[in-house]
Amino acid sequence: MSSQLLGETAAYCGLCGEPEGPTSDTHPTPDTHPTPDTHPTPDTHPTSATQQTDAGNATHEPHRACRERLKMEPPRYCRQCRRRMKVQVTPLGWTAECSRHGALTS
Amino acid sequence: MTTLTEAAESGSTQTAESAESTAYAILDIAREQVLEGGEGLNEAQLLEILTLPEEAIPAALQLAHEVRVRHCGEEVEVEGIISIKTGGCPEDCHFCSQSGLFDSPVRGVWLDIPELVKAAKETAATGATEFCIVAAVRGPDIKLMNQIKFAIDRINEEVDINIACSLGMLTQRQVDQLAEWGVHRYNHNLETARSFFREVVTTHTYEERLETCQMVKDAGMELCCGALIGMGESVEQRAELAAQLAALEPHEVPLNFLNPRPGTPLQDQPIMEGKDALRAIAAFRLAMPRTVLRYAGGRELTLGDLGTREGLLGGINAVIVGNYLTTLGRPATADLNLLVELNMPIKELQKTL
């Protein structure tokens, strides 16, 4: 269940907050892949672990490692505006709320 | 304390005479001392367990499992945990994404009581007997204590489950209040060895942690005091930690494996090797034959599905079911089905009045 419409364009990665690229369904070129040098922001800097893992498939799916990690943690960034969301984890679920774009639930 | 060499030498003498001897003297010693005698291994002996060659790990886990069954029984204790106050913590525990001092993506959030009660109900429905309410704080203020009192009352009205709390360092008055309100277990981890503590936390001391632990025990609450391994401590420090925990005689020890969190000082720490995690599980059980030894955070990452099973057959006798505080766990059904498959009964509720 989600108040964020699935059809809307996801501009940012929910895990690291970096841009997704032109669309999430096509393969971005290497130039569109965010790197620490081109997209530093103080509060959305991805971990180096993410960077290292992403490096191997940078030309295909820049956030494949992030998507893997999202199986084991809730999203922290709004995919539409990259705001940090308020996240509540419970034993059997989670909710993540963007002040502008509403709540996602597990 | 005997040195490692002395312990190994005395062990090898016994091995030659033992009918059930293995190729590893320390395992023969542990069988006699821990399984038969009920006395945990000391620090030097634990170091031997933690440095066993890979081919000895199955035998170490098998022995730890026998110790667990002999001294704790077949039952497995299931618990759910929840954060009532997430993020914005003033402490600087270098592993924690909830410290307000690091550039972590975790935002500050308070959980409202109806949601907390709902989560307690869902947790009880899994068969869990424990529900632990956690706050990311140095210690509770009056507002948090009032919330906790309110939460305990509401949960007790609607849900049959034991309530535990983890609210940081306590004053004597707060310890007494929690005990009076019916909190039967209090979690306050040592996290790491005394000799490594200052590498990981600078905003409070090991002694302060020990003080809270001691007050909790003295007030008659069960002490839940855990470990977080894989933070860069040496294997000697891991043995030290197990021995220091054993000396506290906690009712429960939750065993966490570092999950490096973005933005924290330990974000680049490599994930601990599964084999080392299994050695640690065996060692912790052999250090504390009667303690509830619980699988806690990071096991999915460090051990995976296969390792989870190995640990449950290697000394673990409790699990955190479902999600953790800021990260997700295996689906609750995966663990519950595994317990059925392993023929391990879930401990039933024995609520203390």
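Bear in mind that the values here come from a model prediction, so they are computed numbers and not experimental data. Lettering follows sequence order; numbering is per chain, from 1.
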Next on the checklist: Working note: A/V89 + B/L328, criterion side chain to side chain contact (heavy atoms under 4.5 Å, CB included); need CA distance, chi angles, decisive distance, verdict.
Outcome noted: CA-CA 8 Å; A/V89 178; B/L328 310 181; 4.2 Å; yes
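Neither the backbone nor the side chain of B/T264 comes within less than 4.5 Å of any heavy atom of chain A. B/I81 touches chain A through its backbone: at least one of N, CA, C or O sits under 4.5 Å from a heavy atom, while the side chain does not.
Interface check for chain A: of the options B/V106, B/V321, B/T327, the most heavy-atom pairs under 4.5 Å are formed by B/V106.
With values rounded to the nearest 0.5 angstrom, B/S97 atom OG is found 9.0 Å from A/E73 atom CD.
Between A/E97 and B/R107, no side-chain nitrogen of the basic residue sits less than 4.0 Å from a carboxylate oxygen of the acidic one, so the salt-bridge criterion is not met.
The side-chain contact (heavy atoms from CB on, under 4.5 Å) test with A/L92 is passed by exactly one of B/T126, B/T123, B/N323: B/T126.
Minimum heavy-atom separation, B/P262 to A/R69: CG-NH2, 3.6 Å.
When the shell of 6.0 Å around CD of B/E341 is examined, it contains more than 12 heavy atoms from other residues, nucleotides or ligands. Other residues, nucleotides and ligands place more than 12 heavy atoms under 6.0 Å from the NZ atom of B/K85.
Remark: side-chain polar atoms of A/Q88 are paired, donor with acceptor, to backbone N or O of B/S83 under 3.5 angstrom.
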